[in-house]
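As C-alpha cells, the structure follows; a few thoughts come after it.
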Amino acid sequence: MVTARLAALYPGSAKELCALRHDNPFQLLVATILSAQTTDVRVNLVTPALFAAYPDPASLARADPEKLEELIRSTGFFRSKTKSLLGMAQALIERFGGDVPSDMEDLVTLPGVGRKTANVVLSVDFGKPGFAVDTHVGRLSRRLGFTASPDPEVVERDVDALVPPEEWGTLSLRLILHGRAICVARTPRCGECVLADVCPSARLPA
DNA sequence: ATCCCGAGGG
DNA sequence: CCCTCTGGAT
C-alpha cells in the first residue's frame, strides 16, 4: 500500500530516482561520501569541478589535500571528508585494482564508507538490494510505523523484514524524495500527503 | 535554533 | 555509549 503509492508518486528505477548526479560507481561513491549532513543540491554544486579535477581513483588518490579541501569546502565536514576521499581512493587502488567493489563487506572497509553509503552504491549502480537509511529514511520509517528505533541499523533490519529485497533500493530513494518534499522534519505537510490516511503520525493542521 | 542522502573515534 | 567534524539554508 505505502510502497505502491510512493512508486506511483515517484516512478522510475533506483538510478533514475537517485538525486546525486554521477556517471559511474566511483563518482557515486564520492558524491555519497560528500552527502553526509548536507543537501544533495549542495553536493551536486561541487561535484562537476571535483570530477573534472579527479576523474578516477588514481587521480583522487594522489590529490593535493588542500586543493581537494577547497573544492569540497561548502559541503561541510570538509577536513574529515577530504581524509575519507583520499583514503577511499588509495584503498581502491591498493586493494581493489582501482574498481569500486560491489558487495557490502568490501565497501564498508573503505574509509568514510558506512552501511548507508554502501547501500546507496549497491542499489543505484550495481542493481543489488540495499536499503540506505539516512536522516529522511529514518524519520519517515518511524512516522509510518515501520520501526520504533532511532538506530539506523535497526531501522534497516526492520524495513528489510517488511519489504521484498527488490524494492529496498527504490523505497529508500522514494522515502528521501518524500521526506524532502512533503514529510519534512519540522512541520510535515500532512494535508498534501498521499499516505496521510494510512500514516499513524498524520496530523492535519488545526 | 534546526536540519541536511553519516562516519570515525574515544 | 557518547562526542566531534563543518558549512549553508530556512
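Quick note on labels: first sequence line is chain A, next is B, and so on, each numbered from 1. Side chains included, hydrogens not; waters and symmetry mates left out as well; all remaining heavy atoms used.
- Partners of A/D158 by salt bridge (Lys or Arg N to Asp or Glu O under 4.0 Å), not counting sequence neighbours: none found.
- Taking atom P on both nucleotides, B/dG9 is separated from C/dT6 by 13 Å, rounded to a whole Å.
- Across all strands shown, A/A185 has heavy atoms under 4.0 Å from sugar-phosphate atoms exclusively, and none from any base.
- The stretch residues 137-171 of chain A touches DNA chain B through A/R139, each having a heavy atom under 4.0 angstrom from the strand.
- Residue A/V43 is out of contact with every strand shown, counting any heavy-atom pair closer than 4.0 Å.
- Applying a 4.0 Å cut-off to non-hydrogen atoms, the residues of residues 50-81 of chain A that approach DNA chain C are A/R73, A/S74, A/G76, A/F77, A/F78, A/R79, A/S80, listed by residue number.
- With sequence neighbours left out, A/P200 forms a side-chain contact (heavy atoms from CB on, under 4.5 Å) with no residue at all.
- For the segment residues 10-32 of chain A, the set of residues with a heavy atom within less than 4.0 Å of an atom of DNA chain C is empty.
- Nearer to the 5' terminus of DNA chain B, by closest-nucleotide assignment, is the contact made by A/T39 (compared with the other of A/V108 and A/T39).
- A/T3 and A/R174 share no donor-acceptor pair across their side chains, judged by distance under 3.5 Å alone.
- Between C/dG8, B/dA7, C/dT10, one nucleotide has an atom nearer to the side chain of A/R186 than all others, and that is C/dT10.
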Extract all donor-acceptor atom pairs below 3.5 Å that involve side chains of residues 190-198 of chain A and protein atoms in other chains or at least two apart in sequence.
{"unit_1": "A/D197", "atom_1": "OD1", "unit_2": "A/R5", "atom_2": "NH1", "d": "2.6"}
{"unit_1": "A/D197", "atom_1": "OD2", "unit_2": "A/R5", "atom_2": "NH2", "d": "3.3"}

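- A/V30 and A/F77 fall into different hydrophobic clusters, where Ile, Leu, Val, Met, Phe, Trp and Tyr residues are linked whenever their side-chain heavy atoms come under 4.5 Å apart, directly or through other members.
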